[in-house]
Number of protein chains: 2
Amino acid sequence: MADNQSLESLVQALRCLPGVGVKSAQRMAFHLLQHDRPGAQRLAQALVQACEQVRHCSLCHTFSEQEVCATCADPRRDQSLLCVVETPADQAALERTGAYRGLFFVLMGRLSPLDGVGPGDIGLQRLFERIEAPDSPVRELILATNFTAEGETTAHVIAQALKQRGLKVTRLARGVPVGSELEYVDLGTIAHALVDRR
Amino acid sequence: MADNQSLESLVQALRCLPGVGVKSAQRMAFHLLQHDRPGAQRLAQALVQACEQVRHCSLCHTFSEQEVCATCADPRRDQSLLCVVETPADQAALERTGAYRGLFFVLMGRLSPLDGVGPGDIGLQRLFERIEAPDSPVRELILATNFTAEGETTAHVIAQALKQRGLKVTRLARGVPVGSELEYVDLGTIAHALVDRR
Ligand SMILES: [Zn+2]
Ligand SMILES: [Zn+2]
């Protein structure tokens, strides 16, 4: 593909996708250009549109196209419960159980010192500000970070920081298998873990 | 991500990539929007540019930004040798050997009846037209399709079609890979190497 600058650029650009190396990128570029140019065009438009439209909810920090996301804006939600999760996918997993009617805070990551991810890289400061606001209705913080080493560390750091502030801090019960990621756990297990939170 | 149409559209659009399911697409969208928006913008541009610029070489059928690709346009190439490969990546592998100075024809696929890929879906007709042109300088056709079931079928079909036309048709030798120990080579390969011994 030596004299083919556009193709080379596409292969390079595809490598920004997580888990995609040179070989995968070449296969993807080949597939799109040979078999699915309409798909490639749609993808280009979707990328531009998402980069323009998607920002973070000013309350829960998750992706949102509005200043405040639909979940945070829902008046039927229990404002006294705040569930802390790592990603939107984790929030979605909890929502699918139908067992939780409080609000969320989405860290958009987890503490991982080995990867250079510190408190400033995830939404910790925003979380503390939200909880400590004088008019905060939050009475219980449910730590629903993943039951991985990084998720446990993140939960531990948050719990320590909030220890002396009279706020009830709970963790999802260990019905969730250790070492697994919420996104992949069956709904019943997550529902039980919510009920048994401690 | 329910109220987030742009994000949902991006996840859907990413699924046009081969091997990317819902979970992978969600991870990719999260990564791009949270950690690499410049990468997403570059990818969008590269997709549009490639769709606009990349067409097929009118001689060898590979991707090219010109009417005739650089390889086909190279006067130092031996016009009497034509090597048939499945993809540009296969051509690149042969080029890297430095052992071939003839021309190529890139099928951009291989026959795969089970997947509904027939002669009309790969460049077979163009190949035959090129070889059968009255002024064609091609004296030997080297079949370098992959040594898979589909690649062998494709080679077989081409060989059959050209049987009675006085053209020399050869196939890459099957054999033991250079640098490998017989003990660890699969039996089929050894058997073929025995049959094809020279
Ligand atoms: Zn929100
Ligand atoms: Zn060409």
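For clarity, every value in this text was computed on a predicted model and none was experimentally measured. Naming: A, B, ... by sequence-line order, numbering from 1 per chain.
- Between the side chain of A:Q41 and the backbone N or O of B:C51 there is no donor-acceptor pair closer than 3.5 Å.
- A donor-acceptor contact shorter than 3.5 Å is absent between the side chain of A:Q26 and the backbone of B:A89.
- The cluster map of Ile, Leu, Val, Met, Phe, Trp and Tyr, joined by side-chain heavy atoms under 4.5 Å apart, puts A:V169 and A:F105 in the same cluster.
- Contact count versus chain A (heavy atoms, under 4.5 Å) is highest, among B:R55, B:M28, B:R42, for B:M28.
- For the pair B:E65/A:S6, a side-chain contact is recorded, criterion being any heavy-atom separation below 4.5 Å from C-beta on.
- If you chain together hydrophobic residues whose side chains sit under 4.5 Å apart, B:V84 and B:Y100 never meet in one group.
- Within the 4.5 Å cutoff, the side chain of A:L47 has heavy atoms near those of the B:L47 side chain.
- Contact detail for B:F63 and A:N4: the closest heavy-atom pair is O-ND2, 3.1 Å.
- For the pair A:L17 and B:L43, the minimum side-chain heavy-atom distance is below 4.5 Å.
- With respect to A:E181 and B:R27, a salt bridge is recorded, a charged nitrogen being found less than 4.0 Å from a carboxylate O.
- Of the listed residues (B:E95, B:Q91, B:H35, B:H31), the one with the most heavy-atom contacts under 4.5 Å to chain A is B:H31.
- Annotation for A:P88 and B:F30: closest pair CD-CE1, 3.5 Å, computed over non-hydrogen atoms.
- The environment of NZ in B:K23 is crowded: more than 12 heavy-atom neighbours from other residues, nucleotides or ligands sit within 6.0 Å.
- Using a 4.5 Å cut-off between heavy atoms, B:L32 contacts chain A through its side chain alone, with no backbone atom that close.
- Surrounding OH of B:Y184 are at most 12 heavy atoms belonging to other residues, nucleotides or ligands under 6.0 Å away.
- With chain B as the partner, the residue from A:A13, A:P38, A:G39, A:G19 showing the most heavy-atom pairs under 4.5 Å is A:A13.
- Smallest separation of non-hydrogen atoms from A:A50 and B:R37: O-NH1, 4.2 Å.
- Both A:V117 and A:L127 belong to a common hydrophobic cluster when Ile, Leu, Val, Met, Phe, Trp and Tyr are linked at side-chain heavy-atom distances under 4.5 angstrom.
- Connection of B:L172 to B:V106 is established within a shared hydrophobic cluster, with ILVMFWY side chains joined at heavy-atom distances below 4.5 Å, either directly or through further cluster members.
- With chain A as the partner, the residue from B:L33, B:V48, B:D36 showing the most heavy-atom pairs under 4.5 Å is B:L33.
- Interface remark: A:E52 contributes no atoms to any contact with chain B (heavy atom separation under 4.5 Å).
- Both B:F104 and B:M108 are assigned to one and the same hydrophobic cluster, defined by single-linkage of ILVMFWY side chains at heavy-atom distances under 4.5 Å.
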